[in-house]
There are 2 protein chains.
Amino acid sequence: MTSKDWVAHFPGLKALAPEIAKPLVETSRVVVLPAGTRIFGPGQAPDAYLLLIDGTVRVQQASSAGREIVLYRVSAGESCALTTACLMGYEEYQAEGIAETDVEAVAIPRSTFDDLIARSAEFRRFVFTAFSVRVTNLFRIIEEVAFSRIDVRLAQKLLELAGPGAQVERTHQQLAAELGSAREVIGRQLNEFQRRGWIATSRGVINIVRAEALKNLAAAP
Amino acid sequence: MTSKDWVAHFPGLKALAPEIAKPLVETSRVVVLPAGTRIFGPGQAPDAYLLLIDGTVRVQQASSAGREIVLYRVSAGESCALTTACLMGYEEYQAEGIAETDVEAVAIPRSTFDDLIARSAEFRRFVFTAFSVRVTNLFRIIEEVAFSRIDVRLAQKLLELAGPGAQVERTHQQLAAELGSAREVIGRQLNEFQRRGWIATSRGVINIVRAEALKNLAAAP
DNA sequence: ATCGGTCTGTGACTAGGTCACAGACGCATG
DNA sequence: CATGCGTCTGTGACCTAGTCACAGACCGAT
């Protein structure tokens, strides 16, 4: 994306007045990051407000014992809202952001971000809306980690991660990291799903056979 | 607090220019809420940005099965930062805020908030800093719920909640709700702490006898 | 003194996380 | 093709935490 029309990728920004959009486009730059890039993390503070044009970024929290849990994903058209709040505040961001695919993004410098927040009600709305979605989602995750059964959460996650062809290309270890659980536990649950004929598994791939059954379980209290 | 000098309670706001502070003080009002008041929750969206002059507000998340977990507390001198983000965005706030003591607070209307964000870099810094502290704390809670042992978390919580005289005035049920655990589990852990001589318990009250021992456990990985 | 509500204790059981280790699979290399 | 290696998966034994059912204990009000 060498052109300057990336604003069109973000519905919340289309309504920006030209005198607002101009400095935004002029001071920000489009960056391309290969899959696997660590974008921010402890000891690597983010330095700009990121808007994703293409690809996804996975934000996860690692425990001292080496276990992990995925907090959320930033997809095309969205922004790294929480990262930025921490960028604007003083606090060290403890989570880690990894490019899950090749990523194309707009990097808005901190000073431009602050300027836009001051000058545009539209931009404020865009930022705070993104914020509220993330925070609400974090609350949901806390509730699920604390109170939901692992089989229900796994069923939800499989449906969420399923690509075309109802295929989930993840190892048991990766699924465990998604949910903050352990590999063995995920393996046993998957065995049980398979025994019931809901999925078919092979090395690194899970095929969903009976999505309805999974949805039914995922909707359980 | 009938006077208008409440701004002095908030270090982050002292530096506001007079022409900024004036509309802030004029359009906001000081409210007093008795202990136990439900300030916001599902179906009861907050309608203003709250700055606490005195008292504490407990923000918690309830599960469908009736269990609860405390997300954070807002104390005197702090703001309901996350609530407001959700207020400015569109998302329904799923958590619940309860006045834990009698509360005295400044309610800043949404329009004034938006105006201040636009006009004052100081105010923006104040808001985003509050934000980042809360978000960072949420990440810590997710990590602890997912990966930490309940005895370690209970020891931390006892130390955190201890009032003067090293006394914690909570029932087992309340402690369980703090941690998102179950009453019986908390009771057994407390029994074990007592057996080791670290605490002394009676109905509704826990006395910390050996704070050092609890600190030691709380610092465990 | 008794009653009712709240708070606490306990045993039996289930779910989920931990540990140790054994195979199985896929792929590169000789 | 055979070999070897790293990754991925399966399994049993065990431990921790949460669930369920129920029994008492405490405490203030009548």
Side-chain angles (χ1 to χ4, degrees), chain A residues 36 61-69 142-158 161 167-196 199-207 217 220-221, chain B residues 36 62-69 141-158 161 167-196 199-207 217 220-221:
Chain A
Q61 171 90 2
S63 85
S64 45
R67 288 179 59 188
E68 290 180 349
I69 182 168
I142 291 179
E143 187 194 327
E144 286 177 354
V145 172
F147 306 128
S148 291
R149 294 174 51 95
I150 195 70
D151 52 355
V152 173
R153 296 175 59 214
L154 179 56
Q156 289 170 351
K157 195 52 92 171
L158 287 175
L161 294 176
Q167 210 173 51
V168 182
E169 294 184 35
R170 313 269 163 163
T171 65
H172 299 183
Q173 180 59 63
Q174 287 172 328
L175 288 170
E178 290 281 338
L179 299 172
S181 178
R183 177 187 62 79
E184 301 91 318
V185 173
I186 298 302
R188 283 170 192 145
Q189 296 294 337
L190 290 174
N191 272 348
E192 177 62 16
F193 288 176
Q194 188 162 32
R195 195 189 61 76
R196 296 184 195 168
I199 61 172
T201 66
S202 56
R203 192 184 171 94
V205 179
I206 293 152
N207 284 288
L217 177 59
Chain B
S63 85
S64 46
R67 287 179 60 187
E68 290 180 349
I69 182 168
I141 288 184
I142 291 178
E143 187 194 326
E144 286 178 354
V145 172
F147 306 129
S148 290
R149 294 175 51 94
I150 196 69
D151 53 353
V152 173
R153 295 176 59 213
L154 178 57
Q156 289 170 351
K157 196 50 95 173
L158 288 175
L161 295 176
Q167 210 173 51
V168 181
E169 294 184 35
R170 313 270 162 162
T171 65
H172 299 183
Q173 180 59 62
Q174 287 172 328
L175 288 169
E178 290 281 337
L179 300 172
S181 178
R183 179 187 62 79
E184 301 91 318
V185 174
I186 298 302
R188 282 169 194 146
Q189 295 295 336
L190 290 175
N191 272 349
E192 177 63 17
F193 288 176
Q194 188 163 32
R195 194 188 62 74
R196 295 184 195 169
I199 61 172
T201 66
S202 57
R203 193 184 170 94
V205 179
I206 293 153
N207 284 287
L217 176 59

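Convention: sequence-line order gives letters A, B, ...; per-chain numbering from 1.
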**Student:** Of all heavy-atom pairs between B:Leu217 and B:Ala155, which one has the smallest distance, and what is that distance?
**Tutor:**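 So the two residues come closest at CD2-CB, 4.0 Å.
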**Student:** Using whole Å, report how far CD of A:Gln194 lies from P of D:dG10.
**Tutor:**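 Taking CD of A:Gln194 and P of D:dG10, I get 8 Å after rounding.
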**Student:** Between D:dT19, C:dG9, D:dA13, spot the one nearest the side chain of A:Arg188, thanks.
**Tutor:**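 Shortest atom-to-atom distance from the side chain points to D:dA13.
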**Student:** Taking CG from A:Leu175 and P from D:dG10, how many angstroms apart are they, rounded to a whole number?
**Tutor:**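 Atom CG in A:Leu175 sits about 12 Å away from atom P in D:dG10.
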**Student:** Treating B:Arg183 as the side-chain partner and B:Ala176 as the backbone partner, does any N or O pair qualify as donor plus acceptor under 3.5 Å?
**Tutor:**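 A pair under 3.5 Å: no.
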**Student:** 5'-most contact on DNA chain D: A:Phe147 or A:Thr201, nearest heavy atom basis?
**Tutor:**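 Per heavy-atom nearest nucleotide, the more 5' residue is A:Thr201.
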**Student:** Looking only at atom types and distance, does a side-chain atom of A:Arg153 sit under 3.5 Å from a main-chain N or O of A:Leu179, one as donor and one as acceptor?
**Tutor:**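 Judged by distance alone, yes, a pair lies under 3.5 Å.
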**Student:** Base, sugar-phosphate or nothing for A:Arg67? Non-hydrogen atoms, less than 4.0 Å.
**Tutor:**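 Answer is sugar-phosphate: A:Arg67 comes under 4.0 Å of backbone atoms only.
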**Student:** If you only use heavy atoms from C-beta on, which nucleotide in D:dG10, C:dT8, D:dT19 is closest to the side chain of A:Asn191?
**Tutor:**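 Shortest atom-to-atom distance from the side chain points to D:dG10.
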**Student:** Can you tell me if the side-chain N/O atoms of A:His172 get under 4.0 Å from OP1 or OP2 in D:dG10?
**Tutor:**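 Yes, such a contact exists.
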**Student:** What is the distance, to the nearest angstrom, from the CD1 atom on A:Ile206 to the P atom on D:dC8?
**Tutor:**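 Taking CD1 of A:Ile206 and P of D:dC8, I get 13 Å after rounding.
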**Student:** Quick one: A:Gln189 CD to C:dA15 P, roughly how many Å, whole number?
**Tutor:**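 Atom-to-atom, A:Gln189 to C:dA15, this comes out as 10 Å.
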**Student:** Separation of B:Leu190 atom CG from C:dT8 atom C1', in whole Å?
**Tutor:**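 Between C1' of C:dT8 and CG of B:Leu190: 11 Å.
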**Student:** From the list D:dT7, C:dG17, C:dT8, which nucleotide is the closest neighbour of the side chain of A:Arg203?
**Tutor:**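 The answer is D:dT7, which lies nearest to the side chain.
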**Student:** Tell me the interatomic distance from B:Glu192, atom CD, to C:dG9, atom P, rounded to whole angstroms.
**Tutor:**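 Between P of C:dG9 and CD of B:Glu192: 13 Å.
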**Student:** Look at the side chain of A:Thr171 and decide which nucleotide, out of D:dT9, C:dT18, C:dC7, has an atom nearest to it.
**Tutor:**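 Of the options given, the side chain of A:Thr171 lies nearest D:dT9.
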**Student:** Using a heavy-atom cut-off of 4.0 Å across all strands, would you classify A:Gln174 as base, sugar-phosphate, or nothing?
**Tutor:**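 If one applies the 4.0 Å heavy-atom cut-off, A:Gln174 turns out to touch nothing in the nucleic acid.
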**Student:** I'd like to check A:Arg170 versus A:Leu161 (side-chain heavy atoms, cut-off strictly below 4.5 Å). Are they in contact?
**Tutor:**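 Yes, close enough: below the 4.5 Å cut-off.
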**Student:** By nearest nucleotide on DNA chain C, pick out whichever of A:Asp151 and A:Glu184 is the more 5' one.
**Tutor:**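 Result of the comparison: A:Asp151.
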**Student:** Could you check whether any side-chain heavy atom of A:Gln174 comes within less than 4.5 Å of a side-chain heavy atom of A:Thr171, counting everything from C-beta outward?
**Tutor:**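 A side-chain contact exists here, since the closest heavy-atom pair is under 4.5 Å.
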**Student:** Take the protein atom CG of B:Leu154 and the nucleotide atom P of D:dA17, then report the distance between them rounded to whole Å.
**Tutor:**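 Roughly 11 Å, once rounded to whole Å.
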**Student:** Compare the minimum distances between each of D:dT19, C:dA15, C:dT10 and the side chain of A:Arg149, then state the nucleotide with the smallest one.
**Tutor:**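 The closest nucleotide is C:dA15.
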**Student:** Starting at atom CD1 of A:Ile150, determine the distance to atom C1' of D:dG18, rounded to an integer number of angstrom.
**Tutor:**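 Distance, rounded to whole Å: 14 Å.
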**Student:** Kindly point out which of D:dT9, C:dG5, C:dG17 is positioned nearest to the side chain of A:Val185?
**Tutor:**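 Looking only at side-chain atoms, A:Val185 lies closest to C:dG17.
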**Student:** Can you work out whether B:Arg183 or A:Gln173 has the more 5'-proximal nearest nucleotide on DNA chain D?
**Tutor:**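 Nearer the 5' end of the strand: A:Gln173.
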